[in-house]
Amino acid sequence: MERFARSSSKAAKKPRLPEIRARLFDREKDRPNQIENLLSRKQQSRLRNIATVLEYQRGNSTIFSEGEDAHFVYSVASGIVRVSRHSDGGRRQVLAFMLPGDLFGLPDAGLYVNSAETVCPSTLYRVPWQQLEKLMLREPEMQVSFLIKVAFDLRQAQRRIMVLGQQNISQRLASFLLDFVQQPDFYDQRRRLLSLPLTRFDLGDYLGTAPETVARAFSKLEKKGVVHRISPRLIEIRDTDELRQMVSGRRRR
């Protein structure tokens with residue numbers, strides 16, 4: 001558990017305060033309906049006080065494994081965490097990629113039901129579950145923030161079921177790219193460059209297909225002039241409108 005991680009209460013290079021990002025329940029007039037940090041500065045400081053900073057220097061480092069006792073909850077400060085589960089036959093399914101502001105590791109009957117590994121160098125906040133419970137009991141507003149986050153993640157999971165069930169591979173890839181271009185940590189909007197530190201195996205296990213099929217889907221998008229792969233980890237997004245049209249179009253085999 002938490003292999004290859006350097007932990008300290010005070011990191012050498014201070015990460016930003018813990019954030020919990022989600023979209024609010026209610027639409028506010030004259031305000032963009034976007035994903036935002038739900039915690040006040042005061043709440044961030046209190047969460048930071050009970051947290052330990054974990055710094056992972058490499059990808060594919062195990063944070064926790066399915067079936068282990070769940071003593072901690074985690075928040076991503078930087079990097080990407082892959083949450084996955086294996087079938088009885090040993091096949092891996094990537095359930096989610098946790099990004100800055102995401103929360104993961106909530107216990108189920110005291111256990112972790114999934115496994116979590118870093119995708120790339122990452123910084124996490126590790127919070128003892130029992131201390132977090134006590135903090136939320138003292139801070140009702142924080143309870144609301146966590147409710148909003150959990151509800152938001154549930155809606156994202158429901159949307160992903162629709163994507164996997166109703167879209168072909170090209171549409172699934174387009175949906176995935178559109179999700180990532182909303183992440184300022186990975187997308188340079190001015191230059192239209194997306195930093196994507198994922199392997200085709202990660203993408204295949206997330207999109208529900210083989211790595212070779214992912215590669216063919218990328219080639220298809222490139223031929224259409226929608227994207228351009230500058231390197232395996234850097235992609236120029238040339239036409240987001242076309243990506244949106246692909247997602248909303250009829251499914252084709």
Side-chain angles (χ1 to χ4, degrees), residues 21-24 27-37 59 76 78-84 92-102 119-120 151-253:
R21 299 184 190 175
R23 191 174 288 115
L24 296 173
R27 181 184 296 274
E28 296 190 19
K29 191 177 180 182
D30 301 326
R31 183 178 176 183
N33 192 26
Q34 60 189 13
I35 297 171
E36 59 185 67
N37 177 35
V76 182
S78 66
I80 303 176
V81 171
R82 176 180 58 239
V83 175
S84 62
R92 183 184 74 165
Q93 177 66 51
V94 175
L95 303 173
F97 292 110
M98 296 297 166
L99 307 175
D102 281 338
V119 170
C120 57
F152 175 76
D153 288 348
L154 173 61
R155 290 193 297 271
Q156 293 294 92
Q158 291 170 336
R159 175 177 170 271
R160 183 162 143 65
I161 291 171
M162 290 292 294
V163 167
L164 291 175
Q166 301 294 326
Q167 294 182 353
N168 61 34
I169 292 301
S170 293
Q171 289 173 313
R172 293 180 207 172
L173 180 56
S175 293
F176 174 81
L177 293 174
L178 286 173
D179 286 343
F180 254 79
V181 298
Q182 297 180 53
Q183 301 294 330
D185 295 86
F186 302 98
Y187 184 58
D188 184 335
Q189 189 170 13
R190 184 180 64 82
R191 299 168 63 201
R192 298 188 299 180
L193 293 179
L194 177 63
S195 176
L196 198 63
L198 306 174
T199 68
R200 58 195 179 98
F201 298 96
D202 286 334
L203 274 176
D205 287 351
Y206 182 71
L207 299 178
T209 190
E212 297 77 15
T213 308
V214 172
R216 287 195 294 270
F218 259 118
S219 297
K220 193 173 183 181
L221 292 182
E222 282 194 292
K223 286 179 182 177
K224 294 182 72 171
V226 179
V227 303
H228 172 60
R229 284 178 289 185
I230 298 171
S231 74
R233 302 287 182 269
L234 189 63
I235 302 167
E236 180 186 3
I237 306 296
R238 292 182 168 177
D239 194 341
T240 52
D241 289 337
E242 178 61 26
L243 285 174
R244 292 188 187 96
Q245 287 183 18
M246 287 180 63
V247 169
S248 62
R250 292 183 62 185
R251 174 177 177 170
R252 296 177 183 174
R253 292 189 178 275

Can you list everything that forms a side chain to side chain donor-acceptor pair (under 3.5 Å) with R200? Sequence neighbours excluded, please. none

Using side-chain heavy atoms (C-beta onward) and a distance below 4.5 Å, is [X] in contact with [Y]?
X    : Y    : value
R92  : R82  : yes
L178 : R244 : yes
V119 : F97  : yes
V214 : I169 : no

I need the [X] [atom1] to [Y] [atom2] distance, nearest 0.5 Å.
X    : Y    : atom1 : atom2 : answer
Q167 : L207 : CD    : CG    : 10.0 Å
L177 : Q182 : CG    : CD    : 12.0 Å
E36  : L24  : CD    : CG    : 4.5 Å

Using a strict threshold of under 4.0 Å (side-chain N to carboxylate O), is an ion pair present between [Y] and [X]?
X    : Y    : result
D185 : R21  : yes
R160 : D153 : no
D179 : R159 : yes

Shortest non-hydrogen contact from [X] to [Y]?
X    : Y    : result
P100 : S78  : CG-CA, 4.0 Å
Q171 : G249 : NE2-O, 3.0 Å
G208 : L164 : N-CD2, 4.4 Å

Begin from the C-alpha positions of M246 and L221 and carry the test side chain to side chain contact (heavy atoms under 4.5 Å, CB included) through to its verdict. CA-CA 10 Å; M246 287 180 63; L221 292 182; 3.4 Å; yes

Decide yes or no on side chain to side chain contact (heavy atoms under 4.5 Å, CB included) for L99 and V76, but give the supporting numbers first. CA-CA 6 Å; L99 307 175; V76 182; 5.8 Å; no

Side chains of Q93 and S84: donor-acceptor distance under 3.5 Å anywhere? no

Could you list the donor-acceptor pairs under 3.5 angstrom formed by side chains in residues 222-232, with sequence neighbours left out?
from, atom 1, to, atom 2, distance (Å)
E222, OE1, R229, NE, 3.0
E222, OE1, R229, NH2, 2.9
E222, OE2, R229, N, 2.8
K224, NZ, E242, OE2, 3.4
R229, NH2, S219, OG, 3.3
S231, OG, R233, N, 3.4
S231, OG, L234, N, 3.2

Kindly determine whether L243 and I237 satisfy side chain to side chain contact (heavy atoms under 4.5 Å, CB included), including the steps that lead there. CA-CA 9 Å; L243 285 174; I237 306 296; 4.0 Å; yes

Can you list every pair that meets ring-ring contact (aromatic ring centres under 6.0 Å, His included) and has a residue in residues 154-184, with sequence neighbours left out? F176-F180, F176-Y206, F180-F186

Excluding sequence neighbours, so at least two apart, what forms salt bridge (Lys or Arg N to Asp or Glu O under 4.0 Å) with D102? K149

Show which side-chain atoms of residues 187-197 pair as donor or acceptor with protein atoms under 3.5 Å away, not counting sequence neighbours.
from, atom 1, to, atom 2, distance (Å)
D188, OD1, R190, N, 3.2
D188, OD1, R191, N, 3.2
R192, NH1, R238, O, 3.3

Excluding sequence neighbours, so at least two apart, what forms side chain to side chain contact (heavy atoms under 4.5 Å, CB included) with A151? F25, R155

